[in-house]
2 protein chains.
Amino acid sequence: MFKKVLIAEDHDTENIAVQITLRDLGVESPKYVYYCDHALNWIKNAIRDGEPYDLLITDIEFEADGNVQAIPDGLALIKVVKEIQPEIKTIVFTGKDRSTTINALFKAGLLDGHVVKARRGGQYLREAIQAAYQNRIYQSPDIQKIAQERNSHEFTQFDMHIIRLLYEGISQKEMPEYLRQREIRPSSLSSIEKRLNLMKDVFGFTKNEQLVAHCKELKLI
Amino acid sequence: MFKKVLIAEDHDTENIAVQITLRDLGVESPKYVYYCDHALNWIKNAIRDGEPYDLLITDIEFEADGNVQAIPDGLALIKVVKEIQPEIKTIVFTGKDRSTTINALFKAGLLDGHVVKARRGGQYLREAIQAAYQNRIYQSPDIQKIAQERNSHEFTQFDMHIIRLLYEGISQKEMPEYLRQREIRPSSLSSIEKRLNLMKDVFGFTKNEQLVAHCKELKLI
DNA sequence: TTTGCTTTTACGGGTTCCCGTAAAAATGCC
DNA sequence: GGCATTTTTACGGGAACCCGTAAAAGCAAA
């Protein structure tokens, strides 16, 4: 089993639970931190001392508090860590998933495991750790289900721009101007309308309210 | 300290973390379950055997899975439990809060503590348990902050009906009819418009999309 | 019952949004 | 380059939504 493991997780209860899982798997004294910046420091120092970490388990979302952090979330943490220590294994253990970004990490070879916190989150985390130790990629079963549910539509950058503008309260009429300023194409009102209609059609929605709320629910915005 | 404590929490990791917190506080063998229905059974049986539970710690949201449950969530669980055992102490330990319903429970005397899962969730849970043991009411500090943030507006039943209809894709034009069928008053289009304007005004929104997304984010719908 | 106040409803004009069609531009292929 | 296909844009009529005003209904106290 892994010798040196680092946990980055802001919720104290989840952090403890992950520690226990690791000890249970034979990791003697997993190191745990509550901030991404701290995680990076420990990884840097471990490399400097010639005893680098074997595995990083991190949450994605870290709640902001008084302590200002350079690294805002687990995704950014993984990217930085993988730059300075490419061979380290990484697992994300997160509440709600954001499959698009997660998948990007997988494709980029930056990620070895992905587990969502749910009924059997701890159990799946164990499996992910063991899989990573055997150089296998792991995704918890619930994710595949989620991916299926929404397989119908791949959100493009353009889609996300429109949704985000809607969420910010910009009227459709004003959008072409905004998009042109940011040099996003297409930018015409017709294109925006057409794309919105397509998205609503895919999900069976009739109103933009539903679409925006749905994206918010999926944490796409 | 409490002798008999029951934990109802669907996420296995959180469940373990709560168990550890309890053991740490001197509760010898806390009972834990993953479903509300199971929780109610254990409480009933304990009463029957003349050794009722002293404290119930429960999550609010329980993810649906194959096993169909009569009691859908922690709020319903508390209501039922308090009917058959009014003197039991209750603490909710939950991810995102829904202050309106929680406050209703407090007012009804059904609740002794409320802690949100966050950075210091475990720490605050300890404090809540100790407070309950001393017959004090406890709310974790973050909640007051959340309450302040949205202090501006108390959502009425009417508000929630409108938002929910919007979320379901009903057009404003059709809403009066829906509301009349469900015997909700007021029901006129003007009243709906006026109320929507007021809500948007309070939050500084310009469009319904923002309002619905915001409510979705707060898990009010 | 009357009076005064609040809440609810009704209505109308102006704007935005929805939706279909058709022209223009971009893209790809030979 | 020339042609076919796809994408993007432009435009116009009709529906829904926004917003202000004013009438009607509900309600409390005298």
Side-chain angles (χ1 to χ4, degrees), chain A residues 100 151-217 220-221, chain B residues 100 151-217 220-221:
Chain A
T100 49
N151 63 352
S152 23
H153 184 67
E154 275 282 313
F155 285 91
T156 66
Q157 289 297 97
F158 183 57
D159 293 338
M160 292 318 304
H161 274 290
I162 300 173
I163 305 269
R164 210 167 288 122
L165 287 174
L166 272 181
Y167 179 65
E168 288 168 13
I170 312 297
S171 72
Q172 292 175 217
K173 201 183 143 199
E174 299 170 302
M175 284 189 193
E177 197 184 333
Y178 274 78
L179 294 176
R180 248 161 243 156
Q181 281 175 8
R182 302 180 196 180
E183 295 182 351
I184 298 163
R185 294 194 28 174
S187 64
S188 77
L189 191 57
S190 286
S191 297
I192 293 166
E193 290 171 345
K194 181 177 284 184
R195 201 67 199 165
L196 280 173
N197 279 338
L198 188 140
M199 287 191 276
K200 280 186 280 190
D201 193 47
V202 166
F203 291 111
F205 295 155
T206 60
K207 312 196 89 271
N208 290 342
E209 283 89 335
Q210 299 176 281
L211 189 59
V212 175
H214 183 247
C215 290
K216 191 78 207 172
E217 197 174 6
L220 296 173
I221 46 177
Chain B
T100 48
N151 63 354
S152 22
H153 185 66
E154 274 282 312
F155 286 90
T156 66
Q157 288 297 96
F158 183 57
D159 293 339
M160 293 318 304
H161 274 291
I162 300 174
I163 305 271
R164 209 167 290 123
L165 287 174
L166 273 181
Y167 178 66
E168 288 168 13
I170 312 297
S171 72
Q172 291 175 215
K173 202 181 143 200
E174 298 170 302
M175 284 190 194
E177 196 186 335
Y178 274 78
L179 293 175
R180 249 163 243 154
Q181 280 175 9
R182 303 181 196 181
E183 294 182 353
I184 298 163
R185 294 194 30 173
S187 64
S188 75
L189 192 57
S190 285
S191 298
I192 294 165
E193 290 172 344
K194 181 177 282 184
R195 201 68 199 165
L196 280 173
N197 280 337
L198 189 141
M199 287 191 276
K200 280 185 280 190
D201 193 48
V202 166
F203 291 111
F205 295 155
T206 61
K207 314 198 90 262
N208 289 343
E209 283 89 336
Q210 299 176 281
L211 188 59
V212 176
H214 183 247
C215 289
K216 191 76 206 173
E217 197 174 7
L220 295 173
I221 47 176

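First the proteins, then the strands, lettered A, B, ... as listed; each starts at 1.
Distance Met175(A) CE to dT8(D) P: 17 Å, rounded to the nearest Å. Rounded to whole Å, atom P of dC17(C) lies 11 Å from atom CD of Glu209(A). Between the NZ atom of Lys173(B) and the P atom of dC18(D) there is a distance of 14 Å, given to the nearest Å. Separating the CG atom of Asn208(A) from the C1' atom of dA16(D) is a distance of 12 Å, rounded to the nearest angstrom. In this structure, the CG atom of Leu165(B) is 16 Å from the P atom of dA16(D), given to the nearest Å. Atoms CG (Leu198(A)) and P (dG20(C)) sit 14 Å apart, rounded to a whole Å. Separating the CG atom of Asp201(B) from the C1' atom of dG20(D) is a distance of 15 Å, rounded to the nearest angstrom.
Asp201(B) places no side-chain N or O within 3.5 Å of a backbone atom of Leu198(B) that could act as its donor or acceptor partner.
Between its two ends, the helix from dT1(C)-dA30(D) to dC30(C)-dG1(D) turns its axis by 30°, counting five pairs per end and rounding to 10 degrees.
Taking the six-membered ring for Trp and thresholds of 30 and 60 degrees, Phe205(B) and His214(B) have ring planes more than 60 degrees apart, a perpendicular arrangement.
To the nearest 0.5 Å, atoms NE2 (His161(A)) and CD1 (Ile184(A)) are separated by 3.5 Å.
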Between the protein and nucleotides 6-10 of chain C, which nitrogen or oxygen pairs come in under 3.5 angstrom?
residue : atom : partner   : partner atom : Å
dT9(C)  : OP2  : Ser187(B) : N            : 3.2
dT9(C)  : OP2  : Ser188(B) : N            : 3.0
dT9(C)  : OP2  : Ser188(B) : OG           : 3.0
dT9(C)  : OP2  : Ser191(B) : OG           : 3.0
dA10(C) : N7   : Ser190(B) : OG           : 2.8
dA10(C) : N6   : Ser190(B) : OG           : 3.2

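At a threshold of 4.0 angstrom between heavy atoms, the contacts of Gln172(B) are confined to the sugar-phosphate backbone, with no base atom among them.
For Glu193(B) and dC17(D), a side-chain-to-base donor-acceptor distance below 3.5 Å is absent, hydrogens and geometry of angles not being considered.
Dashed line: the shortest gap from a side-chain N or O of Asn197(A) to OP1 or OP2 of dC17(C) is not under 4.0 Å. Residue Lys207(B) places at least one side-chain N or O under 4.0 Å from the OP1 or OP2 atom of dC17(C).
Counting heavy-atom neighbours within 6.0 Å of Gln157(B) CD, excluding the residue itself, gives a total of 12 or less. Sparse packing is recorded around CD of Glu177(A), with 12 or fewer heavy atoms of other residues, nucleotides or ligands lying under 6.0 Å away. Open room surrounds OH on Tyr178(B); 12 or fewer heavy atoms of other groups in view lie less than 6.0 Å from it.
Among all heavy-atom pairs drawn from Leu189(B) and Pro176(B), the shortest one is N-CG, 3.7 Å. The minimum heavy-atom distance linking Pro186(B) with Leu179(B) is given by the pair O-CD1, 4.1 Å.
In this view, Lys200(A) satisfies the salt bridge (Lys or Arg N to Asp or Glu O under 4.0 Å) rule with no residue, not counting sequence neighbours.
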